[in-house]
Amino acid sequence: MIKEWVCGKPRLWRDRPTALPFCPGCQHSVGVRTVLETIEELGLEGKTIFLGGGGCVYPIPTMLDLDGMQCPQGRASSIGSALKRIHGREAIIIVYQDDNDGLAVGTEPLIHAALRGDPVTVIMANNASYGSTGWQMAPAGNQIIPPEMEKPNPSIPINIIELLAEFEGVSYLARGTVSSPEDFEDTKRYVRTAIQKQIAGAGFNLVEILLACPTRWHLTPRESLKWIREEMAGKLPLGEFKGGGGI
Amino acid sequence: MARKGEIVIDEGTCLGCGYCELFCPKECIEISKEKFNPLGYPLAVFSRPEDCNACGSCVIMCPQFAIEAYLLVNKGKGKEIS
Amino acid sequence: MVEIMEGNHALGWGALDAGCDAYCSYPVTPQNEVVEWFAREFPPRGKIFLQSTSEIESSFLCMGFVAGGARTMTSTASPGWGLYPEGMSHIVAAELPLVVALLMRGGPGQGTTRHSQMDYTSATSPGGQGGYRNIVLAPYSCQECYDFVQLAFYLSEKYRNPVILLAEPNVTRVLEQMERRPLTFEYPPDKKWALKGKARHSDGKSRLLTSGYGLTSTEEHPSYLSYLKHLHDKFEQMRASEVRYEQYEIEDARVVLVAYGYTARVSREVIKQARAEGIKAGLIRPLTLWPFPGEPIRKKAEEGAKFLVVEDNLGEIGGLSDDVRLAVAGRAEISLVTALDRHNPGEGGSIYPGKVLEKLKGISQ
Amino acid sequence: MEQKILARGFEAIGWGALAADCQLFAGCPTSPEDEIFTYLAQEFPKNGRHFVRASSEVSAINIAYGSTSAGGRVMVVVASAGWGLIQETMSHLVNAFLPVVVVLIQRGGPGAGSLRHAQMDYLPITRDAGQGNYRVISLAPSSVQETYDLMQLAFHLADKWRNPVIVATDTIIIRMMEPLTLKTIKLGPPLPEKDWIVKGKEHQTDGIRRFISSGQGFIPTRDFSTYLHFLKGLNEKVLRMRETEARYESYELEDAEIVLVAYGYSARVCQEALMMARAEGIKAGLMRPVTLWPFPGDVLKKKALKGAKFLTVEDGLEGLREDVMLAVEGQAEIEWVNVLDRNESGAGGAIYPGKVLEKMRKLLKGKVKVIKKGR
């Protein structure tokens, strides 16, 4: 009998002696897996530049065997736009931002990268919280955060897909979750389409991934996934919203 | 003959979140009540290996990348076992 | 071949001759002519011109350009300069080269639309977090704008640290003769640290850039303290070997003027008039405002000369006068000609030779 | 009877702001100031005050600009990473003569730096970090009680001079827990009523419109007609602040042959080193600036003329040393303990009293390179 390897830790993820710096049940690493597997399948690892934002995603670039940068809070999409202009088709730019990073201080870079139509792929990992900074509420999570959090100044959660849908420079917008293997495959398909749009130079593309953050939501990992499907996906609907169905 | 699979869980990195137990279609994995890692998190255990067909659901849902899945085949380029 | 040109455009030609690949900035009076030059000249040459949405964005877009290995320049004026410190601090932290041209306008706040010399301190002892330093060059003519911008590109890549060109609009807007002769420098061979994609590096290994060395350790800087030691040594190295200054009629000078930019041109006129009236006056003009040329000033102080600092700002509360005070270290008397001595109260007021000569006579009795 | 509680540094900031009747807090969650954020989110709405979570430090300081124009006392809390974003509006606040209290929590720098303590922002705090020439009073607490007191002083000085005031604390001071006596301190004569605030013409007592501008000098305003008139007014205000608002604490300075100069938590390290030195018979003293600007340099000049030597202790690359050199004007030797003298190389390292004592011994024996050259 032969033991043949099927799947496991993504090849582009460097070995590390201890547990990842993420809380139990945090799905940031699952969101990154969708990106890493797609890059491996499309054979782009030699051309990819991975830009990580601030907050919980800050240590991710140090753990990848890809050219990468730990960008200042909220500025990853600006730095990505600039890198894309220098390297053009030679490089694939992936911006992996937490929603506290991309939708708070990072709104100006995000919106204007979309307005300019810079062909970069932004993965907006939305867990509705500030994560390592102290788990305050992030702009995408204000009203839809689990009920028992009293909210000093509730504001409408930013639906980034609606915000960017009208811009001409935006070629692809989709939102998925990783709260089940089927959702994982859907989201991976969205990420793949987004990267193919970037290869074709078709303009700015963004995939929002709704992720569990059990620690901030004060829910168990299981309840968090159920909560995403029932509550979060209710206010932030899933699917492809612009430029779906291939290039 | 049906696909025969096997998984290896790295106990140094598993934090017992329970996603693998939730999503294994054949309920082969269980969060143990006795085994804990040094930080005190309960560990996932490959409790019922007989039904595993290495579908990889547990692998892709594991946030700690702690699970490796293997297929048990008669020949092939994999590692020779007993 | 001698040409007639304004300093704003000389900055552009200098950047071009230094091999600048990318320019990104946000238009703000009085540096709009620099932006217009790059918008006109860079795209047809296949180089990158990008107008950003704010000065914060300019600094971080430039951080992206330099992270990719492009030779990059940005320019701004005082009101925009207040938004640069965060970006500058991150660029210094990630050890990336960048050239920043800063045209000074009356401040603080919205300030005026005309010249001043009020950003000396925020350029030489920077406003961003972390207590870092940048080399600051101060051109005072069209020719020097052309030469210094090329020197700035070289120094920024030699030390992997931003370099600031500090000038006033009444210097860079004046049409003057200049000669476009590119300068050559020994640039470091290649940018092994730049991000291009793993496969495009000679050794095929992936690169990581970060501006958080207290949170991340890399091969180059394994610990936070080794990183800070490296930064400290880099700044000391700049202090030791990058000081540049010029002296005019200094040997027998009893009264030494210290000035840069347009007030240095005013001071050169004052020296002529003073010597005609028998007063032995000289000028020390720092070309690098940081590292500051304290040595020649200390030497003249030990010879018993008096000092007159001519700077178009609130001289009492620091800037050039603080640096002169540090260099003189109590051994000589320092008087000031400041923005309060301008010839008219409007925004267009300037320090004129007559006023400086009057003060000079006062202290040389 | 005053209430005495056990409180942490960031709570003292909250209590101090409430004692000074602060009406609005604006901030954006950035480590390490997130605890203040969470604490004020509970306390301010409970006491009928505004708690505004801004999307970034830029919008936080501009929210403060707007709300101080309406007259209420206003505070903003920023950490070092984000400090660079508020400099433009700080300069605008100075031009418009608007009072705001900015609490800076210093952390390792530059850039994202580290999440731990440091004192690396001395120069941007004490000099004009934004555009144009100006100065801003900056207060440096070194205990929980002093944080509480200096918060009240900061609001008073901001309103008195119609200028921003910085309270420069750091990750250690805000996380320490110490006894805190809650009492509103008396801060001199009552301040004049703010007749310059904007609230709609009909609400103005004299019915005349009010106009706030950060382009004073560029356009004529009620207080200043031309640019030079404005510069004279600003210059005179800064010089009066410099003369009258310098504050410091001194410990055994009278017969000190070695004068330690340190602020914040480094000053507490020096107090320990002071005791060890005195035990060894070294005549050492400590000058702790409570106001970083205006820098209390005169007391150092007097000691320098009496032949004292100086040792600046600062958990940063450089900054405090420059002010000591300016104050002493070359009359004395200055040795230096900085972040590179920390006990271990991680971000959590610290300067220990033993190191300070070691440098004191070397300074006494004169085996030290004398810092004479410029910056």
Side-chain angles (χ1 to χ4, degrees), chain A residues 12 14 21 39 43-55 58-95 105-116 118 120 132, chain C residues 21-24 26 46-72 74 83 86-91 93-94 96 128-129 193-201 204-219:
Chain A
L12 295 175
R14 292 191 183 162
I39 288 174
L44 299 170
E45 97 186 53
K47 295 163 68 134
T48 303
I49 299 179
F50 189 96
L51 303 174
Y58 198 74
I60 291 181
T62 62
M63 304 192 174
L64 303 184
D65 189 12
L66 294 169
D67 262 18
M69 183 166 178
Q70 292 184 309
C71 302
Q73 182 87 0
R75 306 298 167 185
S77 30
S78 272
I79 290 171
S81 306
L83 281 168
K84 190 66 183 181
R85 280 164 186 270
I86 304 170
H87 297 307
R89 295 267 166 88
E90 285 308 305
I92 297 299
I93 310 289
I94 306 283
V95 171
V105 68
T107 36
E108 179 186 359
L110 198 64
I111 288 171
H112 289 284
L115 278 173
R116 289 190 298 263
D118 299 326
V120 294
S132 61
Chain C
D21 306 316
Y23 172 86
C24 166
Y26 187 75
K47 292 182 179 267
I48 294 167
F49 167 80
L50 179 59
Q51 176 180 314
S52 68
T53 55
S54 78
E55 283 83 6
I56 304 178
E57 272 332 286
S58 304
S59 57
F60 288 109
L61 284 165
C62 286
M63 187 172 186
F65 285 130
V66 288
R71 198 164 282 174
T72 307
T74 181
L83 291 171
E86 183 76 13
M88 295 294 284
S89 179
H90 282 279
I91 291 170
L96 297 170
Q129 69 269 20
W193 42 264
L195 302 180
K196 304 187 185 125
K198 200 165 56 172
R200 296 170 68 199
H201 294 295
K205 280 175 53 210
S206 61
R207 299 300 193 261
L208 175 76
L209 282 177
T210 180
S211 67
Y213 276 100
L215 300 152
T216 313
S217 71
T218 60
E219 288 131 46

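Small disclaimer: the values here were computed from a predicted structure and weren't measured. Every chain is numbered from 1, with letters handed out A, B, ... down the list of sequences.
Interface remark: C:L61 contributes backbone and side-chain atoms alike to the contact with chain A (heavy atom separation under 4.5 Å). Both the backbone and the side chain of A:T62 have a heavy atom closer than 4.5 Å to some heavy atom of chain C. Of the atoms belonging to C:T218, not a single heavy atom falls under 4.5 Å from chain A. Interface residue C:A70: backbone and side-chain heavy atoms are both found under 4.5 Å from chain A. Residue contact with chain A, scored on non-hydrogen atoms closer than 4.5 Å, involves the backbone and the side chain of C:K196 alike. Of the two parts of A:L66, only the backbone, made up of N, CA, C and O, holds a non-hydrogen atom closer than 4.5 Å to a non-hydrogen atom of chain C. Neither the backbone nor the side chain of A:F50 comes within contact range of chain C, judged by heavy atoms closer than 4.5 Å. For A:I93, no part lies near chain C; criterion is any non-hydrogen pair under 4.5 Å.
With contacts defined as side-chain heavy-atom distances shorter than 4.5 Å, the pair C:H201/A:D67 qualifies. Within the 4.5 Å cutoff, the side chain of C:E57 has no heavy atoms near those of the C:Q51 side chain. Side-chain contact between A:L64 and C:S206 is absent, with no heavy atoms from C-beta onward closer than 4.5 Å. Here the side chains of A:I86 and C:D21 are not in contact, with every heavy-atom distance at 4.5 Å or above. Between C:L208 and C:T216, some side-chain heavy-atom pair lies under the 4.5 Å cut-off.
Ranked by heavy-atom pairs shorter than 4.5 Å toward chain A, the options C:R200, C:K205, C:M63, C:E86 are led by C:R200. Looking only at heavy-atom pairs under 4.5 Å with chain A, the residue among C:A22, C:G212, C:S54, C:C24 that has the most is C:S54. Contact count versus chain C (heavy atoms, under 4.5 Å) is highest, among A:R116, A:K47, A:M69, A:E45, for A:M69. Note: A:E108 leads A:R85, A:E108, A:H112, A:K84 in heavy-atom pairs under 4.5 Å with chain C.
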Inset, instruction - Show the numbers, then the answer: is there a side chain to side chain contact (heavy atoms under 4.5 Å, CB included) between A:L51 and A:L83? - result: CA-CA 10 Å; A:L51 303 174; A:L83 281 168; 3.9 Å; yes
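Between the side chains of C:S211 and A:R75, no donor N or O sits under 3.5 Å from an acceptor N or O.
Across C:A67 and C:W193, no two heavy atoms sit closer than the pair O-CZ3, 4.4 Å.
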